[in-house]
Amino acid sequence: MKERMTEEKALLLIAGVDAALKKCDFNYEDKATYQLLQRGDTDGIFFLEGAFNQFDLCQLKPSNLQQLTAACAFSHPLTNDLIYKYLKNREIRSDGDYYGIPEVDEVLRETNGIVIYKQQADEITSRLDKLLEEGRTELEPQAGFIKEDLQKHWKWLVNRDYIERRAKLVYRLAYIKVHLHDEFMKLYETLCKETES
């Protein structure tokens with residue numbers, strides 16, 4: 001069994017291929033990189049190496065950085081049941097109408113109606129407060145329900161900036177695995193040695 005890829009090892013791997021990577025046309029829209037992630041081929045990819053992460057990636061099939069960031073956020077054990085709601089909403093709620101309050105739905109569109117980030121919760125709360133201050137009293141019951149729901153799930157919400165940095169590191173490693181495969185595997189073998197089970 002191999003040692004896990006830690007953040008420190010991931011940064012060493014990236015530094016080890018820096019010269020070769022500079023010759024590549026690196027970008028965050030590489031189709032082959034997303035295909036690797038969609039297959040769950042994440043051995044050696046920091047943060048998403050586990051079997052559950054690999055299974056989730058095969059379900060989520062991220063095709064851009066925004067979706068990959070959400071997939072990384074879902075790696076938290078408390079969010080597992082939300083993945084299915086996220087996928088269901090992606091299939092049947094393509095209109096982006098989640099609560100029937102346009103100002104709230106706008107915040108939720110990027111994550112298929114699921115609040116994943118603390119910043120989303122803060123923005124929704126702020127927008128609801130503003131609507132109520134503007135005299136939209138008919139929204140009071142629904143606003144109360146939404147705020148209560150946000151409070152209930154606050155413990156597993158993640159910081160968007162933190163998780164996006166993680167997603168970019170995941171993507172960079174996946175890109176290297178696709179486009180500099182031999183270099184990736186050589187460094188992976190060196191950094192993550194076999195251990196006795």
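We number each residue from 1, following the sequence as shown.
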What distance separates [X] [atom1] from [Y] [atom2], expressed to the nearest 0.5 Å?
{"X": "L173", "Y": "K168", "atom1": "CG", "atom2": "NZ", "result": "14.5 Å"}
{"X": "I83", "Y": "Q59", "atom1": "CD1", "atom2": "CD", "result": "8.5 Å"}
{"X": "Q66", "Y": "R109", "atom1": "CD", "atom2": "CZ", "result": "12.5 Å"}
{"X": "I163", "Y": "L157", "atom1": "CD1", "atom2": "CG", "result": "12.0 Å"}
{"X": "M185", "Y": "T190", "atom1": "CE", "atom2": "OG1", "result": "10.5 Å"}
{"X": "L11", "Y": "M5", "atom1": "CG", "atom2": "CE", "result": "10.0 Å"}

Specify the closest pair of heavy atoms between [X] and [Y], including all atoms of both residues, with the distance to one decimal.
{"X": "R127", "Y": "E106", "value": "NH1-OE1, 2.9 Å"}
{"X": "A71", "Y": "L57", "value": "CB-CD2, 4.0 Å"}
{"X": "L82", "Y": "F74", "value": "CB-CE2, 3.9 Å"}
{"X": "N53", "Y": "L48", "value": "CB-O, 3.7 Å"}
{"X": "V170", "Y": "C72", "value": "CG2-SG, 4.1 Å"}
{"X": "V158", "Y": "Q119", "value": "O-OE1, 3.9 Å"}

Under 3.5 Å, is there a donor on one side chain and an acceptor on the other for [X] and [Y]?
{"X": "Y86", "Y": "R90", "result": "no"}
{"X": "S63", "Y": "Q38", "result": "no"}
{"X": "T42", "Y": "Q54", "result": "yes"}

Find out whether [X] and [Y] are in side-chain contact, i.e. whether some heavy atom of one side chain is under 4.5 Å from a heavy atom of the other.
{"X": "E91", "Y": "L87", "value": "no"}
{"X": "D41", "Y": "L37", "value": "no"}
{"X": "V104", "Y": "Y98", "value": "no"}
{"X": "T137", "Y": "L132", "value": "no"}
{"X": "N159", "Y": "Y117", "value": "no"}
{"X": "F52", "Y": "S75", "value": "no"}
{"X": "I176", "Y": "L21", "value": "yes"}
{"X": "L13", "Y": "F46", "value": "no"}

Taking the basic N atoms (NZ, or NE/NH1/NH2) and the acidic carboxylate oxygens, is any pair closer than 4.0 Å for [X] and [Y]?
{"X": "E3", "Y": "K9", "answer": "yes"}
{"X": "R136", "Y": "E138", "answer": "yes"}
{"X": "E183", "Y": "K177", "answer": "no"}

Donor-acceptor pair, distance only, cut-off 3.5 Å: does the side chain of [X] make one with the backbone of [Y]?
{"X": "S126", "Y": "D122", "result": "no"}
{"X": "E123", "Y": "V107", "result": "no"}
{"X": "E49", "Y": "G44", "result": "yes"}
{"X": "N112", "Y": "N89", "result": "no"}

Partners meeting ring pair (Phe, Tyr, Trp, His ring centres under 6.0 Å) with Y171 (sequence neighbours left out): F26, Y28, Y34
Criterion salt bridge (Lys or Arg N to Asp or Glu O under 4.0 Å) on K22 and D18, from CA distance to verdict: CA-CA 6 Å; K22 284 179 180 169; D18 187 56; 3.1 Å; yes
Derivation of the side chain to side chain contact (heavy atoms under 4.5 Å, CB included) call for L169 and F47: CA-CA 9 Å; L169 181 56; F47 205 67; over 6 Å; no
Pairs involving residues 24-36, ordered by first then second residue, that meet salt bridge (charged side-chain N to carboxylate O under 4.0 Å, His left out) (sequence neighbours left out): none
Full working for side chain to side chain contact (heavy atoms under 4.5 Å, CB included) between K23 and H179: CA-CA 11 Å; K23 295 176 186 170; H179 296 284; over 6 Å; no
Residues 139-149 side chain polar contacts: donor-acceptor under 3.5 Å, at least two apart:
unit_1: Q142; atom_1: NE2; unit_2: Y99; atom_2: O; d: 2.7
unit_1: K147; atom_1: NZ; unit_2: D129; atom_2: OD1; d: 2.3
unit_1: D149; atom_1: OD1; unit_2: H153; atom_2: ND1; d: 3.4

Criterion side chain to side chain contact (heavy atoms under 4.5 Å, CB included) on K130 and E134, from CA distance to verdict: CA-CA 6 Å; K130 186 176 180 200; E134 290 171 353; 3.3 Å; yes
Worked verdict on V178 versus F184 for side chain to side chain contact (heavy atoms under 4.5 Å, CB included): CA-CA 9 Å; V178 169; F184 177 93; over 6 Å; no
Candidate pair E110 and R160, rule salt bridge (Lys or Arg N to Asp or Glu O under 4.0 Å), full reasoning: CA-CA 12 Å; E110 71 171 297; R160 182 199 312 262; 2.8 Å; yes
